[in-house]
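Report on the following structure.
The residues of the chain are indexed from 1 along the displayed sequence.
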Amino acid sequence: MTHQHSSRGRLSPFSDTEDMADMSRLLAPRLAYFAGVARTEHVTRAAREMGVPQSTLSRAMVRLEQDLGVDLFARHGRTVSLTPAGRTFLASVERALAEVERAAEEVRADADPATGKVAFGFLHTMGAETVPGLLQAFRADHPRVRFSLVQNYGEAMLEGLRAGELDLCLTSPVPDAPDLVARRLDEQKLRLVVPADHRLATRRRIRLAEAAEENFVTLEPGYGLRRITDDLCREAGFRPRIAFEGEEAETLRGLVAAGLGVALLPPPAVARPGVRELTVTAPRAAREIGVAWLADRPDTPPVAAFKKFLLSRRGTLLP
C-alpha cells in the first residue's frame, strides 16, 4: 500500500461545527475498513475477510490518513502495524462501531413481527380500564410483542408522533392535520359531575345552561377535554367560571367531591364517593376518541398489527 502525505482535503483542527460534520461524513465509511486492517495487520488478509478489493482498501486507508492528517499505520512490506496515533484512534473506532451494531440490533429487534415494540400513547382517562383491556386482547394473538406506554394529553402526544417518539396514540378530539392520519374509533359521553350535597345532586339529567353560575374545575388549557368543555359551555350560552385547573380527570373528581366546583368528565373506571354524575341533555355532551399516526411513516410489522387491531375495535373501543 503506497503511502503519500497530502494536505488536500485535510480539515483544520480548529474547524467549526459544520467542518466537524464534514469530517464525520468523510470518515464514517472508512472506519470499518480501518478496524479490519488494524485487527489483521495485513491489508491483503483484511481485504479478503471483508470481501473488498485490496486496491479499494489501500486507497481508503491512504485517504483516511490524509483526511486526519496523521499516520495511523507503519508499513512493513505487506504487513502494517499501528502507530501510537493509530492505537488511540482504534480504541474510539471500536467503541463507535460497537455502538452502531448495538443500535442496529435494537432497531431490528423492535421491528421483529413476533417480539417487536410498539410505542403507544393514550389519554390519562384511557389508562385505568380501556388500554389494559386492549393490550390484553391484542396479546392473546401477539403474546411477545412489547409496548412502550406513554400517558399524556392530546397535543403532547401529537408532538410525540411528529418527533418519532410514538408510533400510535389514542386521543381526543380526533386531530385534523395534514401530516397526520387519524381515524375515529368510538364516542364517550361526558357527564356533569357535582358534589353529593350539591343543589343539583338529586337530579339525573340536566341542561348544561343550568350550571352557568357554578364554579368549574377543568383541565388546563391545551388539553382536549378542556377545549371540549369550553366549546360545550359556549354552545350552552355561557363562559365557564374556572375555579381550579388540573392535569388529570380523577384529580378533578376529587376536587368536585371536596365541594370546590363542578366538572364535565367522562365516566370513571370506578365510582367515586362524594359525587353525583348527571346526564347532560343539551347540548349533546360527548367526545370522540380516535387513533392517530404520522402520515407517510412506514410501519414495522408489530406497529402494523396493533394498528389493524385498533381499527377493528371501531365502535367497541370503550368498555
Side-chain angles (χ1 to χ4, degrees), residues 17-18 21 24-25 100 103-104 106-113 115-127 130-135 137-138 142 145-188 190 218-232 234-235 245-249 264 266 286-318:
T17 303
E18 185 176 350
S24 297
R25 286 192 290 270
V100 170
E106 183 175 325
V107 297
R108 282 197 292 264
D110 287 349
D112 185 276
T115 63
K117 185 170 71 173
V118 180
F120 181 44
F122 52 92
L123 300 168
H124 289 92
T125 51
M126 305 273 101
T130 300
V131 168
L134 288 172
L135 298 183
F138 177 74
H142 304 81
V145 169
R146 297 168 291 126
F147 282 84
S148 172
L149 302 177
V150 176
Q151 290 178 270
N152 216 325
Y153 65 99
E155 288 301 320
M157 287 193 294
L158 300 186
E159 290 309 309
L161 290 177
R162 294 181 173 108
E165 298 164 357
L166 292 176
D167 298 310
L168 302 164
C169 70
L170 284 182
T171 188
S172 177
V174 180
D176 181 13
D179 60 334
L180 300 175
V181 179
R183 297 287 184 268
R184 181 186 182 278
L185 296 180
D186 216 333
E187 181 181 87
Q188 188 173 48
L190 301 179
T218 73
L219 296 179
E220 295 177 348
Y223 284 68
L225 188 55
R226 169 61 179 273
R227 186 160 65 252
I228 293 170
T229 295
D230 290 344
D231 289 345
L232 288 173
R234 182 167 52 251
E235 190 175 346
E245 295 176 332
E247 297 180 343
E248 202 272 326
L264 277 168
R287 65 172 181 171
E288 290 186 336
I289 306 295
V291 59
W293 61 89
L294 196 66
D296 302 323
R297 177 186 293 165
D299 291 332
T300 62
V303 171
F306 189 57
K307 181 190 294 184
K308 181 179 179 181
F309 168 79
L310 289 176
L311 293 174
S312 75
R313 304 290 288 225
R314 186 179 289 113
T316 61
L317 179 77
L318 301 174

Can [X] and [Y] be counted as an ion pair, charged N to O under 4.0 angstrom?
| X | Y | result |
| --- | --- | --- |
| D230 | R226 | yes |
| E187 | R184 | yes |
| D186 | R314 | no |

What distance do [X] atom [atom1] and [Y] atom [atom2] have between them, rounded to the nearest 0.5 Å?
| X | Y | atom1 | atom2 | value |
| --- | --- | --- | --- | --- |
| Y153 | R227 | OH | CZ | 11.0 Å |
| L264 | T229 | CG | OG1 | 5.0 Å |
| R297 | L161 | CZ | CG | 7.0 Å |
| H124 | L219 | NE2 | CG | 9.5 Å |
| D167 | K307 | CG | NZ | 9.0 Å |
| L225 | L123 | CG | CG | 9.0 Å |

Shortest non-hydrogen contact from [X] to [Y]?
| X | Y | value |
| --- | --- | --- |
| P301 | A111 | CD-O, 3.2 Å |
| P175 | A182 | O-CB, 3.5 Å |
| P302 | P113 | CD-CA, 4.2 Å |
| V118 | L168 | CG1-CD1, 4.5 Å |
| A137 | F309 | CB-CZ, 3.8 Å |
| L166 | G121 | CD2-N, 3.8 Å |

Can you check side-chain contact (heavy atoms from CB on, under 4.5 Å) on L134 and L317, steps first, answer last? CA-CA 8 Å; L134 288 172; L317 179 77; 3.6 Å; yes
Are the side chains of [X] and [Y] in touch, meaning some heavy atoms are under 4.5 Å apart?
| X | Y | value |
| --- | --- | --- |
| P266 | L318 | no |
| I228 | Y223 | no |
| L158 | C169 | yes |
| R146 | D110 | yes |
| L232 | L190 | yes |
| K117 | V145 | no |
| W293 | L310 | no |
| F122 | T171 | no |

Mark yes or no for whether [X], through its side chain, and [Y], through its backbone, hold a donor-acceptor pair below 3.5 Å.
| X | Y | answer |
| --- | --- | --- |
| N152 | M157 | no |
| S172 | R287 | no |
| T316 | R313 | yes |

V131 and Q151: CA distance, side-chain angles, deciding distance, side-chain contact (heavy atoms from CB on, under 4.5 Å) verdict: CA-CA 10 Å; V131 168; Q151 290 178 270; over 6 Å; no
